[in-house]
There are 2 protein chains.
Amino acid sequence: MTRRHQQIADELRELITSGHYPVGAALPSEPELARTHGVARGTVRQAVGALISEGLIGSRQGARSVVLSSTPSQSFSELLSFSQWARANGRDPGGSVISSLRGRATPEEASQLLLTEGDEVLRILRLRTLSGAPVLLERTCYAGWMADAVERVPDDCESVTQRLHDDVGLVFAHGEHRIDALAAGTLEARHLEVRRGSPLLRLCRTTTSPEGRPVETGDDRYRPGSVSFTVRNSALTNPMSRNTGRH
Amino acid sequence: MTRRHQQIADELRELITSGHYPVGAALPSEPELARTHGVARGTVRQAVGALISEGLIGSRQGARSVVLSSTPSQSFSELLSFSQWARANGRDPGGSVISSLRGRATPEEASQLLLTEGDEVLRILRLRTLSGAPVLLERTCYAGWMADAVERVPDDCESVTQRLHDDVGLVFAHGEHRIDALAAGTLEARHLEVRRGSPLLRLCRTTTSPEGRPVETGDDRYRPGSVSFTVRNSALTNPMSRNTGRH
DNA sequence: GAGTGGTCTAGACCACAAT
DNA sequence: TTGTGGTCTAGACCACTCG
């Protein structure tokens, strides 16, 4: 069952990405869209709101909405799953588990996962590749209550996210990501095949379930040049923030 | 004139950041909020929607909304203006113009600013400091039609953004930001007081006016450790995307 | 002044979660 | 089964932009 507002959003998105409404062009008015689609204006506004939060269009009171970008944005699951992202971009993802160890949560891990210090966690270190070339060294710390499910995932499983979804119905719904840069250490140098001290892009993440329960936290270190991240902002919906060095 | 939905959003935000509704807690139901505030449910949903897009709460059909994070997010102007951001965080921003030159747009600049190759642009290189310590080397390319206004801004002006707003009524409304890492070159090493080849965090940005007209593009290179960026995502509103190395 | 998007109301039905 | 959020309608008024 597809929602009415989603159909309209999809249609407008298609018209934008296909170039029918190029960057800088004005969209039809909301009353007009409502008429042509046979819906109430509120439904049109839901669709328009979706495109605004994707950064595709901008709107101001009194003037028609304007196309800001014609690049479609990714789905949340593509952002979270390295494999899904790679496949969607026509790349060939690979990877291997370097280590998998149970341990006790550090204070920082405990605070990220809403646990108490010393609770059991599962730490996994993975190397990710694109077309065989190393791209990303990924450290993940899973909350203890899902350690069993994660350990049942085979080491050579391409998409852990997909596997957890299929096996135990676990889905990721929210994420918080912090991005900075740091120098490669000995471990990163060896696995990512770069020189020690060379620049890496680091993404620290914490992911939670639909109920708001933290599921995993970790940090991903990317070999530069292979991957970048983009964010679209506007005065109304501003998802990104800048932080000082003290975390 | 403050809008009703914004008052409600502010109130809920305050209750969340103050800890009255801690992370993991459930909010009152929408009908209840509508009753207690004496408004229609639609108005409450506007307020709730704002908190969702800020990543403060998450919602699912059938269950009450849940607090995901108690950290308030920044305003858009704080993200765009180095000085405003620094002041809001209790730091002491400074800076100086290293060079300011008019030139002709490169193909890349032209495409970012919706100009044609060879159109006039103004390029400015600035060093930004916090408490006197160098933090950021900022390259900005302004579209020619606003070069005069920018050149009238004194070199030692603390906030260019603020000055442009006050002088010519120019406001920034949308931004696109790409983040990656790279090694410091000779220029960055000298001004940021780091070793050549050491890691830097790079943010490439393009900013547009409320009408959707591109105003400036540029790239900011941060000394690592001093600054990081965070993004909150969810399955519905997903502002961040991961990109391959080909820009 | 005509048209636009922003705000708000007062209903209604549905799909889903919790119990 | 009860209550919740998600969707949708059919109006209305206002602040604003634009020609």
Side-chain angles (χ1 to χ4, degrees), chain A residues 1-12 21 24-53 56-68 169-171 173-174 209-213 234-237, chain B residues 1-12 21 24-53 56-68 169-171 173-174 209-213 234-237:
Chain A
M1 161 97 138
T2 45
R3 309 321 202 200
R4 220 58 195 82
H5 70 90
Q6 191 165 339
Q7 291 176 15
I8 298 171
D10 289 345
E11 183 179 315
L12 289 174
Y21 295 121
L27 257 51
S29 75
E30 292 176 359
E32 187 171 339
L33 287 171
R35 245 193 344 269
T36 60
H37 288 84
V39 298
R41 194 181 145 211
T43 306
V44 168
R45 280 186 66 77
Q46 271 188 280
V48 167
L51 301 192
I52 290 176
S53 75
L56 283 182
I57 68 175
S59 73
R60 320 134 55 199
Q61 194 173 60
R64 292 202 176 183
S65 296
V66 162
V67 177
L68 294 175
L170 180 68
V171 298
H174 312 279
S209 69
E211 305 87 36
R213 196 173 183 191
S234 72
L236 299 90
T237 84
Chain B
M1 161 99 140
T2 46
R3 309 320 203 200
R4 232 37 206 92
H5 70 89
Q6 192 166 337
Q7 290 177 13
I8 299 171
D10 290 343
E11 183 178 316
L12 289 175
Y21 295 121
L27 255 51
S29 75
E30 291 177 1
E32 187 171 338
L33 288 171
R35 243 193 346 269
T36 59
H37 289 83
V39 298
R41 193 180 146 213
T43 306
V44 168
R45 280 185 66 76
Q46 271 187 281
V48 167
L51 301 191
I52 290 176
S53 74
L56 283 181
I57 67 175
S59 73
R60 318 133 57 197
Q61 194 171 65
R64 294 201 174 184
S65 295
V66 163
V67 177
L68 294 176
L170 180 68
V171 297
H174 312 280
S209 70
E211 304 86 34
R213 195 173 183 189
S234 72
L236 297 91
T237 85

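Proteins get letters first, then strands, A, B, ... in listed order; numbering begins at 1 in each. Since the structure is predicted, the reported quantities are computational estimates derived from the model, not experimental observations.
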Ser65(A) side, atom OG; Ile52(A) side, atom CD1 - distance, nearest 0.5 Å: 5.5 Å
Identified side chain to side chain donor-acceptor pair (under 3.5 Å) partner of His37(B) from the options Gln7(B), Glu11(B), Arg4(B), Glu32(B): Glu11(B)
Any Ile57(B) side-chain heavy atom under 4.5 Å of Leu68(B) side chain: no
Straight-line distance of Ser29(A) OG to Arg35(A) CZ, nearest 0.5 Å: 6.5 Å
Validation row: Val67(A), Leu56(A) side chains within 4.5 angstrom (heavy atoms): no
Leading and trailing nucleotides of DNA chain D with any atom under 4.0 Å from heavy atoms of chain B: dG3(D) to dT7(D)
Touch class at under 4.0 angstrom, heavy-atom based, for Val39(A) against every strand present: sugar-phosphate
Straight-line distance of His5(B) NE2 to Arg45(B) CZ, nearest 0.5 Å: 14.0 Å
Residue whose closest nucleotide on DNA chain D lies nearer the 5' end, Gln6(A) versus Ser29(B): Ser29(B)
Along DNA chain D (nearest heavy atom to each residue), the more 5'-positioned of Ala40(A) and Gly62(B): Gly62(B)
Side-chain touch Leu27(A)/Arg64(A), heavy atoms, less than 4.5 angstrom: no
Atom pair distance, as rounded to whole Å: CZ in Arg35(A) and P in dG3(C): 11 Å
Side chain proximity check, Leu12(B) to Leu51(B), heavy atoms < 4.5 angstrom: yes
Whole angstrom value for the distance that separates P of dG5(C) from CZ of Arg41(A): 7 Å
Touch class at under 4.0 angstrom, heavy-atom based, for Gln61(A) against every strand present: base
Axis bend over the full length of the helix from dG1(C)-dC18(D) to dA18(C)-dT1(D), computed from five pairs that close each end, to 10 degrees: 20°
Sugar-phosphate, base or nothing in reach of Arg45(A), heavy atoms under 4.0 Å: base
Contact nearer the 5' end of DNA chain C, comparing Arg3(A) with His5(B): His5(B)
Leu33(B) vs Ile8(B), side chain to side chain contact (heavy atoms under 4.5 Å, CB included): CA-CA, chis, key distance, verdict: CA-CA 9 Å; Leu33(B) 288 171; Ile8(B) 299 171; 5.7 Å; no
